[in-house]
Amino acid sequence: MSALIFANPAILFGLIALPVIWWLLRLTPPRPKAEVFPPLRILATVLKREETPSKSPWWLTLLRMLLAAAVILAIADPVMNPRASSLNAGGPLVVVVDNGWATAADWERRVQTANLLIDDAESADVPVSITFTADAGHEAVPGTAAAARDKLTAASPKPLVPDRARAAQAVREAMNGARPGTLAILSDGMAAAGDNEAMSTLAALSPAEMRLIEGDGQSAVALTDAVNNAAAMSVTATRLSTASAQQMNVNALDGQGRALASGTLRFDAGAATATAEIASPFELRNDFARLNIDGLATAGAAHLLDDGFKRRRIALLAGESGSDFQPLLQPLYYISRALLPYADVIQPNTADLSVAIPQILQGNPSAIILADVGRLPSESYAPLQRWIAQGGTLIRFAGPRLAAAPADDPLVPVILRQGERALGGAMSWSEPQSLADFPGFGPFAGLPRAADITVTRQVLAEPTPDLAERTWASLADGTPLVTEKEVEAGRIVLFHTSAEATWSNLPLSGNFVAMLRRLVQLARAGGAASSGSGAEGTAATLAPYRLLTADGVLTTETGTARPIAIAANQVPVASFDHPPGLYGTEDGFTAVNLLAPKTVIARFDPTTAGRPLVREGLAGGEAVSLRPALFAAALAMLILDSLVVLFMNGAFSRVPTRRRTAGSAAAVIAAVAFGLFAFVPSPLQAQEMPPGAGAKPGDEQILERLDTTHLAYVVTGERDVDSISEQGLEGLSQFLTYRTTLEPGAPVGLDITKDELAFYPIIYWPISATAPMPSQAAISRIDAYMRNGGTVLFDTRDQYSSLDGGGTTPNGERLQAILANIDIPPLEPTPADHVLTRSFYLLTNFPGRYTGSPLWVEARQEAKNTGAQLSSTGDGVTPLLITGNDFAGAWAVDSQGGPVLPTVPPDEMQREYAYRSGVNIMMYMLTGNYKADQVHVPALLERLGQ
């Protein structure tokens, strides 16, 4: 039920003066009239029987009375639905605030509610203790209201599940036997571990009253699990509010935050969990980086995916290579066909296992498949065992060689009988066996049994007490078909039949593909863990890489998060020390999500406290002040009254009748509109400017620079050097126009102290020891130009070939002085496979007027110094080039197009290659690392073959 109170009720006594105001406002002085002088006109006017009203019109008086009443009521500050303070002043106010992941959606309302409680405590002059259940540390000692407000302002939602028990214990210790007056719990509405203990601890404080303040819980929806099945990804979610049916979309995002696929969660009425299927090709699902519930920005609505969902690298080895003329009989034919859609299949380039196995292990695959490999080289067992112990998966298939191998092979999951068992045929009384139903505990659980699959040969396992537990698939007679054994962080899996169709028709069935697919999913995406991750048998320790905020956003701020130790086959769950996020490095990481799989959100039950509680809702929107609306109405009436008075006094008498009527109506409407919107903030509007009003001197030149590509050079102040630079870039521009589709404009000389540098993809800087040293400001502008993606070509023009400081020339020393104040990346001579060597022409060196000096570029990634701030931008272009071959001297042409300077030694082919070097540099500047992308090479070769 709505209520109305006045913040300043004493002001209402001003309404008593309204009758007096009515009496004072009745009279309106007659408006003055201007008369012409002629006596006859005056007499004619006097003789007229015109009366001037002595009182103002009733409607005008009523308008002014309403104006006065509106002002009085506005000053009294009427409030609709006021919040009544019922705080118990018999002791300190204790506020326990849940600031877990579910509070991110309505955090502002929770802060407003807590602020109202603190205001009440300040009015009652009682101390305040405020505690946040998702904070790692607690300071619950009662203090001033101002200190509590500061703590509340500094608090924020955390991507964690609240720990109320720890917060309640902190409150109990801080109260030190004192009895609270009011104990308010701002709950997120969800049950958590330790709630019974927390409520018992708080009830033991014997507060005079306890309040439970909750929201509606509509935003408390969380993703708990994601399973990448053969055909689709299955996503499980749970919610708090189960009163009605609900439908939500789940989006699968890649690493850049782009939506790749989506599914629908459908919660039935009364159901707390739901499952969505995200159907997409396996290759696309391999790019999923996270799942998000559409429309919810909380840590619970985000589910991170790690390397476990990535495409695996599988190595294949066989005891024999088979015949290329009979591919269907090759041991690896069906395996490779089954795995190619789901994994990257690699095979060694040699049949020598002593060479092939170390070569494969160096690539650290996720799994290794051995098809009918009986005996391995003795030196291969130890590295294979280490690889398995660190997380590798070894999958073996039987065959004649394995059947004849010794029984003590350490790389089989069970003890095998020597020889093979034949089922069916003239020498056997038994019939070929079909498959039995897959057990419910293995990775094949849920796969349908194909009745047409039969096995004619197999290797048998010696009976052991744990054989049944290790059997993932068996034949109808109970003999094992697939067995496994866990070896520390890895496992060994054995198919007791062959990988080709000689022992069984299993490789010809769809079950074979599904079984291999699920086995591959069990393997680590990034291969076995490195040996430096920990001792054998210990869990790998991973440092925080990216952490999830309460709003569901990944951030690089790791704060106080600690490295997490994750054991094999363990699903990590977030905690105070290990918030949800990605742990590891860019090369490989593990996702730590907020909630454990199969978690179901339940309602918080405060009745375990054994004390009566007062339930309330969050503040926000209930109390509405009418003061702004009343002031706006008063202002509108004041403007309307002013217009009426002006009209009555003849201010609009000279305006034609029709225009006066329309203008009066428009003025009244404008007055009312202005009054209504006087207190409504509005964004600033940009003023329209006439065309050309904002133009500045030099704009035409800027537009010309933007419209056409220009080669630029640094003006050194030395006439000869600058002239060669201009003629050199002019010669290169003509060569580019003649040989390529690029048609540069005239070269531009730059004063680096004031000219805009961003218009040019590359700036040529001839170094001269006799030229004035650039100022620090000019060098800083060059530094900023390179940081923003530009490239500077430094040319010492002296065959300078060393950057180590030894044996430098004067020009080289000047270059070192210039670069001393720039944080340049590590440099290296242009590698033979660099993009510069093939961006247009195929080049092996970069001569100019001289030859022999290398062209220095930014070192590639493996050679970069991580501390350097200046590096290549996203297009892969080096920010600086350094040479001593005098490019401009080789490119320079006169007005007739002839060369200005001879090459050293005289060789026109050297000049031709100097031009080609310039073309490659320009193409590299304009296309970036496009030429480094070799994805299109197979398509080009195929087209050339046609």
#### Entry: Listed partners of D225 passing side-chain hydrogen bond (donor to acceptor under 3.5 Å, both in side chains), at least two apart
none
### Query
To the nearest 0.5 Å, what is the distance between CH2 (W107) and CG (D188)?
11.0 Å
### Message
Please check: side-chain N/O of D135 versus main-chain N/O of H138, any donor-acceptor pairing under 3.5 Å?
### Response
no
### Query
Is there a donor-acceptor pair under 3.5 Å between the side chain of T298 and the backbone N or O of A301?
yes
### Message
I'd like to check the side-chain contact (heavy atoms from CB on, under 4.5 Å) partners of A302; sequence neighbours left out, ordered by chain and number.
### Response
R290, N292, L548
### 4.5 Å side-chain heavy-atom contact, L205 and V94
no
### Task
Could you pull out the closest heavy-atom pair between A237 and L223, with the gap in Å?
CB-CD2, 3.8 Å
### Query
Which residues satisfy the side-chain hydrogen bond (donor to acceptor under 3.5 Å, both in side chains) test with E209, sequence neighbours excluded?
T182, R211
### Any I213 side-chain heavy atom under 4.5 Å of L117 side chain
yes
### Task
Keeping the roles fixed (side chain from R109, backbone from L618), state whether a donor-acceptor pair exists under 3.5 Å.
yes
### Message
With rounding to the nearest 0.5 angstrom, report the CG to CD1 distance, N251 to I278.
### Response
8.0 Å
#### Entry: Side chain R285, main chain S280, donor-acceptor under 3.5 Å
yes
### Message
Can you tell whether the side chains of R470 and E484 come within less than 4.0 Å, N to carboxylate O?
### Response
no
### Message
Between I185 and L202, is the side chain to side chain contact (heavy atoms under 4.5 Å, CB included) condition met? List the steps.
### Response
CA-CA 10 Å; I185 303 173; L202 294 177; 3.9 Å; yes
### Task
With sequence neighbours left out, write down each residue that passes side-chain hydrogen bond (donor to acceptor under 3.5 Å, both in side chains) with D106, or none if nothing qualifies.
R110
### Query
Quick one: CG on D551 to CG on L296, what's the gap to the nearest 0.5 Å?
11.5 Å
### Heavy-atom check, side chain of M233 versus side chain of E277, under 4.5 Å
no
### Task
For atom CD of Q247, decide whether the heavy atoms of other residues, nucleotides or ligands shown that lie under 6.0 angstrom number more than 12.
yes
### Query
Which distance, rounded to the nearest 0.5 Å, do you find between the CG of L630 and the CG of L73?
6.0 Å
## Note on the structure
Note: A70 and A634 closest approach over all heavy atoms is CB-CB, 4.0 Å
### Task
Indicate yes or no: at least one non-hydrogen side-chain atom of V161 is less than 4.5 angstrom from one of D163.
no
### Query
Roughly how far, to the nearest 0.5 Å, is CD1 of I130 from CD1 of I118?
4.5 Å
### Chi angles and distances behind the side chain to side chain contact (heavy atoms under 4.5 Å, CB included) call for V614, L212
CA-CA 6 Å; V614 178; L212 179 65; over 6 Å; no
### Query
Just by distance, do the side chain of T238 and the backbone of A272 share a donor-acceptor pair under 3.5 Å?
yes
### Task
Using side-chain hydrogen bond (donor to acceptor under 3.5 Å, both in side chains) as the criterion, list what pairs up with D254, not counting sequence neighbours.
R258
### Query
Quick check: does any side chain N or O of T599 sit under 3.5 Å from a backbone N or O of L595, one acting as donor and the other as acceptor?
no
Got a list of side-chain donor-acceptor pairs under 3.5 Å for residues 571-586, not counting sequence neighbours?
from: S575; atom 1: OG; to: H578; atom 2: N; distance (Å): 3.3
from: S575; atom 1: OG; to: H578; atom 2: ND1; distance (Å): 3.4
from: H578; atom 1: NE2; to: P563; atom 2: O; distance (Å): 3.2
from: Y583; atom 1: OH; to: P579; atom 2: O; distance (Å): 2.7
from: T585; atom 1: OG1; to: D587; atom 2: N; distance (Å): 3.4

### Query
Closest approach of W472 and F441, non-hydrogen atoms and distance?
CD1-CE1, 4.0 Å
### Query
Has the side chain of R546 got a donor or acceptor atom that lies under 3.5 Å from a matching backbone atom of T555?
no
#### Entry: Atom pair CD1 (I601) and CG (L240), whose distance is rounded to the nearest 0.5 Å
6.5 Å
### Message
Once salt bridge (charged side-chain N to carboxylate O under 4.0 Å, His left out) is applied, what residue pairs with a partner in residues 169-186 remain, sequence neighbours excluded?
### Response
none
### Summary
By ring pair (Phe, Tyr, Trp, His ring centres under 6.0 Å), F604 pairs with (sequence neighbours left out) none
### Task
Check for a donor-acceptor pair, side chain of S244 on one end and backbone N or O of A269 on the other, with a separation under 3.5 Å.
no
### Summary
Contacts satisfying salt bridge (charged side-chain N to carboxylate O under 4.0 Å, His left out) that involve residues 141-153 (not counting sequence neighbours) are D119-R149, E122-R149
### Task
Of all the heavy-atom pairs spanning S241 and Q218, show the shortest one and how long it is.
OG-NE2, 3.0 Å
### Query
Does the side chain of P612 come within less than 4.5 Å of M210's, by heavy atoms?
no
### Query
Going by atom types alone, do T133 and D98 pair a side-chain donor with an acceptor below 3.5 Å?
yes
### Task
Would you mind reporting whether M248 and V221 have side-chain heavy atoms less than 4.5 Å apart?
yes
### Query
Can you name the nearest heavy-atom pair linking M175 to P180, along with the distance?
CE-CG, 3.9 Å
### Query
Above 12 or not: heavy atoms from other molecules or residues under 6.0 Å from CG of D466?
yes
### Message
According to salt bridge (charged side-chain N to carboxylate O under 4.0 Å, His left out), does anything in residues 593-605 pair up with another residue at least two apart or in another chain? List the pairs.
### Response
none
### Query
Are the side chains of W101 and M190 in touch, meaning some heavy atoms are under 4.5 Å apart?
yes
### Query
Any idea which heavy atoms bring A550 and P157 closest together, and the distance?
CB-O, 3.4 Å
### Query
With sequence neighbours excluded, what pairs up with S156 under the side-chain contact (heavy atoms from CB on, under 4.5 Å) test?
K158
### Query
Is the backbone N or O of L304 less than 3.5 Å from a side-chain atom of N593, with the two atoms forming a donor-acceptor pair by type?
yes
### Query
Counting distance only, does the side-chain N/O of N99 pair as donor-acceptor with the main-chain N or O of A134 below 3.5 Å?
yes
### Pairs touching residues 261-276 that satisfy salt bridge (charged side-chain N to carboxylate O under 4.0 Å, His left out), sequence neighbours left out
none
### Heavy-atom side-chain proximity of V96 to L186 below 4.5 angstrom
no
